[in-house]
Each structure stands twice: as C-alpha cells, then as structure tokens.
Colleague: 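Here's a structure for you.
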Protein chains: 2
Amino acid sequence: MFSLSEENYLKAIFHLERSFPTGVSTNALAEEMNTKASSVTDMVKRLSEKKLVNYKKYQGVKLSKLGRDTAVEVIRKHRLWEVFLVEKLNFAWDEVHEVAEQLEHIKSEKLISELDKFLGFPKKDPHGDPIPDAKGNMVIANKILLSELQVGESGICVGVKDSSTEFLQYLDKNDIALGKTISILEKESFDQSMLIKLNGKELKISSLISSNLYIKTS
Amino acid sequence: MFSLSEENYLKAIFHLERSFPTGVSTNALAEEMNTKASSVTDMVKRLSEKKLVNYKKYQGVKLSKLGRDTAVEVIRKHRLWEVFLVEKLNFAWDEVHEVAEQLEHIKSEKLISELDKFLGFPKKDPHGDPIPDAKGNMVIANKILLSELQVGESGICVGVKDSSTEFLQYLDKNDIALGKTISILEKESFDQSMLIKLNGKELKISSLISSNLYIKTS
DNA sequence: ATCAATTTTTAGACTAATCTAAATTTTAAT
DNA sequence: ATTAAAATTTAGATTAGTCTAAAAATTGAT
Ligand SMILES: [Mn+2]
Ligand SMILES: [Mn+2]
Ligand SMILES: [Mn+2]
Ligand SMILES: [Mn+2]
C-alpha cells in the first residue's frame with residue numbers, strides 16, 4: 001500500500017497535529033523526522049498527490065481522512081507489537097521501541113488481528129499509551145501530568161510522555177512504574193522540583209521528571 | 001546491516017547453489033528473483049564489493065562465508081516466524097510464507113533469540129524444513145522424495161519440496177499432512193502415478209505430487 | 001574452426017528518497 | 001511601510017534498485 005517512509009511521515013504528522021492544530025510546519029516535521037526541510041517539502045508533495053494529506057505551500061500540512069486512518073493503523077501495529085515484546089518475549093519497556101518501529105510496517109491484516117487476539121485485545125501499550133482497535137477507535141484516558149498536581153494531592157502513575165530509553169531507565173532505577181501511587185509532599189516554587197511519596201519512601205524529582213509522567217487522579 | 005534486497009538475493013543464491021554448485025548463473029538468479037538479468041548483474045557487483053559473494057564476469061556467483069552466514073540467518077528468521085504464525089497465531093501452513101518474507105528482514109538479535117526460546121527452540125518449520133540454530137547449524141534430515149519409493153515400501157511424510165499455496169492446499173484437501181504414514185500400493189510405469197495407502201484409505205496421486213513430498217523411511 | 005544462438009554485461013534512463021545551496025515567501029520588528 | 005530574519009520551496013545532485021535496448025562474450029552445433 002504505502003511505503004515505509006510514507007507511513008513514518010504520516011505517523012509523525014499525526015503526533016504533531018496535537019501541537020499544530022492549524023497545520024504542521026515543515027520545520028517541525030523535519031525535526032521530528034530527523035531530516036531536512038527540503039526533504040520534507042518533497043515528501044509532503046508526494047503525500048498530497050496520494051491524497052494522504054492536505055497541503056498548500058507555506059501553510060503547513062494536515063492529514064486527510066485516509067492519511068489519519070493510515071497513521072492510526074500504523075500506531076495500532078506499533079503498540080500491539082510493543083505489548084507482544086514485553087508480555088511474551090521478555091523485553092523491558094525501554095527496549096521495545098526500536099524493534100516496534102520496524103514491525104509496525106509489516107503488511108498483513110490477519111497477522112495483526114490474530115496478534116491482537118493472541119494478546120487478549122490489550123487497551124494500553126507498555127508505556128500507557130492507548131491501542132486503537134481494529135476500527136481505529138482508541139480510548140482517550142483522562143490523565144494529567146504529575147507536574148500539574150498540587151501539594152497534598154495524589155494519583156496513580158498511568159503513562160509516560162517521554163518514552164526514551166534514558167527516561168524509562170531513570171524510572172526503573174527509582175522504582176517508578178505504571179500502576180504505582182504517587183503523592184505530592186512538597187513542591188519547590190523556584191525550580192518546580194517535587195518531594196513525592198512512592199513505595200512508602202520519599203523521593204525528590206526534578207520538573208523534567210514530573211512533566212513527563214502521566215497521572216490519573218481518583 | 002544489509003538491505004532487504006541484498007538479503008533476498010543472498011537467500012536466493014543460497015537456495016540455487018544446490019542446483020548450481022559451480023556458480024549460480026545470472027539467468028537462474030533473475031528467474032528466482034523475478035527480475036531482469038541486467039538487474040542481477042548490477043546487484044551481484046554490489047554484493048561482490050561488500051564481500052558477500054565471489055563473482056567473476058560470465059562465471060556465475062558463489063556465496064562467501066559472510067554471504068552464506070547472512071543467508072542462513074535470514075532463513076533462520078523466516079522459518080522461526082513461520083512456526084510462530086502457525087503455532088501461536090492460527091495461520092495455516094499455506095498462509096505463512098508471504099508474511100514471513102517480510103518478517104525475516106526485521107533486525108534485532110534479541111527479538112529472534114527470544115522468539116526461538118518462546119517457541120521452544122523448534123527444529124523444523126511448518127513445511128518440514130530445518131531451522132538453523134543461533135550458530136547457523138541445521139540438521140540435514142535423511143529424507144527422500146515419495147517418487148523414489150518402490151511398490152511395497154512405506155514411510156512417514158516429513159516435508160514438502162514445493163511449498164506453494166496451491167500444492168499445500170491440495171495436500172490439505174486430500175488429508176496428506178506431515179507425520180502421516182504413506183505406503184505405495186501400485187506404481188504406473190507409464191506416467192509414474194501412484195496408488196498409495198493413507199489414513200486407511202487408498203489414494204491415486206500423480207508424479208507431480210509424489211515428486212514434491214519428502215518421506216522418511218524407517 | 002566457424003558461426004549462430006544464447007547468455008551476460010554495459011549504457012543510458014527512471015523512480016523514491018534523500019542532500020546542499022540558492023531562491024523565494026512569510027513573519028515580525030522597527 | 002520597510003526590511004531583516006526565519007521559514008519554506010526550488011534547483012540540481014546523489015544513491016539504491018530497477019528497466020530496456022544494445023554490445024560483447026560464451027556456448028554448442030555443424
Ligand atoms: Mn514506541
Ligand atoms: Mn516506522
Ligand atoms: Mn517460507
Ligand atoms: Mn525476503
């Protein structure tokens with residue numbers, strides 16, 4: 001159907017549309033794709049020819065219905081494979097992304113529907129991100145960043161915003177994991193660092209940490 | 001490491017080397033790869049530059065140690081994925097090849113070693129072909145073609161030479177499966193067709209069938 | 001040994017995806 | 001409203017992998 005490169009661009013545009021609701025800029029897309037603006041312009045033209053995006057010169061790019069559906073399907077595959085790697089093949093949550101980047105491009109309807117069934121139709125990937133179902137619907141969880149909580153409040157850790165190896169390994173090292181309860185004991189107004197309670201212990205975390213952890217408040 | 005195309009060429013050369021021990025011809029490779037002889041010449045030059053094959057103009061091509069090791073690794077991945085698809089994802093043995101052609105190119109050592117473990121270190125793929133281990137060693141089974149059996153002899157079906165959907169579905173339709181015992185009741189010398197006993201019933205098969213079924217004699 | 005058929009290689013062209021450098025358009029500050 | 005900076009697009013080149021058509025080498029039949 002579509003090439004690996006095309007699928008990766010669609011995914012990137014999909015993710016950037018949250019921050020660029022009026023149209024994803026060429027530079028933002030170049031940054032996300034680790035490529036040059038001129039390459040983006042070329043590709044965006046091709047995507048436009050294929051009716052995957054709406055594009056007008058100098059005005060940024062938006063996904064069409066077809067483009068969005070395709071992006072969501074790729075994201076579905078990515079996240080299902082991540083679950084498979086963690087649940088069945090003993091991968092840690094910081095090891096799955098690179099492999100899933102490859103597996104997400106395998107073309108086979110039966111493969112993905114059977115994988116979904118095999119995994120028990122999971123709703124979340126190992127990083128807490130929602131997995132679209134076969135129709136492309138996904139649950140948007142009501143989660144907020146830990147950094148938005150006030151002193152005295154608490155909630156359950158349900159996802160990560162940054163899913164880089166470095167961040168995930170930091171969380172592992174400090175026994176922060178999805179499903180755990182975190183309470184805010186103190187908040188330093190100068191640098192937004194926090195003292196939290198976790199696993200019965202107190203832990204000091206910087207704002208870089210608290211602004212990349214999703215919490216569900218009860 | 002190597003591109004998808006390069007890996008596919010290496011695999012094709014590996015398989016053709018049985019029939020062309022003195023060097024795989026350009027035309028044979030073109031036929032196997034469904035491409036043109038001129039494209040093969042181009043690619044073979046590139047493979048040669050990368051030390052994957054030994055090539056001299058007009059003299060055919062042979063795998064180097066590196067080329068052979070790479071080919072075997074791709075074959076290992078292909079066959080492990082086929083087992084996964086059949087054993088875990090409810091694929092029929094005639095449905096796996098196309099998907100395995102894609103999956104065999106995923107790059108991740110951990111993925112394949114964990115998959116191997118997850119599947120219980122299988123020795124054979126769903127078509128009876130041997131699966132190389134992590135070091136590239138594979139068991140060469142002592143199997144012969146059904147067509148080589150004489151009247152009165154019998155053996156167990158252990159593999160297929162042709163693993164096309166068409167042939168595999170013919171076998172399914174006639175309840176011929178790996179592990180079953182087949183005895184030769186009659187052999188027609190004119191067209192080499194056979195009357196065999198299978199599942200307690202008699203069945204007439206053409207030489208096209210008997211020359212594509214591997215048998216292990218006891 | 002010659003020569004025609006077959007096989008293989010070369011030459012030149014094409015596409016997808018990328019790059020650098022230059023040109024153009026937009027933006028936002030004065 | 002000008003104009004400098006920033007963003008974007010265009011022009012031209014490159015690489016992998018493919019193709020067609022033509023040239024060259026090999027093979028095999030007489
Ligand atoms: Mn991921
Ligand atoms: Mn990808
Ligand atoms: Mn196969
Ligand atoms: Mn392949």
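From a predicted model like this one, the values you see are computed outputs, not experimental measurements. So you know, we letter chains A, B, ... as the sequences are listed, proteins then strands, and number each from 1.
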Colleague: Measure the distance from NZ on K56(A) to C1' on dT26(C) and round it to the nearest whole Å.
Modeller: 16 Å

Colleague: Round to the nearest Å and state the distance from N27(A) atom CG to dT8(D) atom P.
Modeller: 5 Å

Colleague: Between K50(A) and Y58(A), which has a closest nucleotide on DNA chain C that is more 5'?
Modeller: K50(A)

Colleague: Among E101(A), E32(A), E73(A), find the one that has a salt bridge (Lys or Arg N to Asp or Glu O under 4.0 Å) with K11(A).
Modeller: E101(A)

Colleague: Answer yes or no on whether K161(B) is positioned over the face of Y214(B), meaning its NZ or CZ is under 6.0 Å from the six-membered ring centre and within 45° of the axis.
Modeller: no

Colleague: Got a donor-acceptor pair under 3.5 Å from the side chain of S38(A) to the base of dT20(C)?
Modeller: yes

Colleague: Just checking, is any N or O donor in the side chain of S25(A) or N27(A) under 3.5 Å from an acceptor N or O on the other one?
Modeller: no

Colleague: If only side-chain N and O atoms of Y55(A) are considered, is one of them under 4.0 Å from the OP1 or OP2 phosphate oxygen of dT8(D)?
Modeller: no

Colleague: May I ask you to say what S5(B) touches in the nucleic acid, namely base, sugar-phosphate or nothing, with a heavy-atom cut-off under 4.0 Å?
Modeller: sugar-phosphate

Colleague: Can you see if the side chain of S39(A) gets near the phosphate of dC19(C) - specifically, an N or O under 4.0 Å from OP1 or OP2?
Modeller: yes

Colleague: OP1 or OP2 of dT20(C) less than 4.0 angstrom from a side-chain nitrogen or oxygen of K36(A), does that happen here?
Modeller: yes

Colleague: Does this structure show an ion pair linking D42(B) with R46(B), if we count only N-O contacts that are shorter than 4.0 Å?
Modeller: no

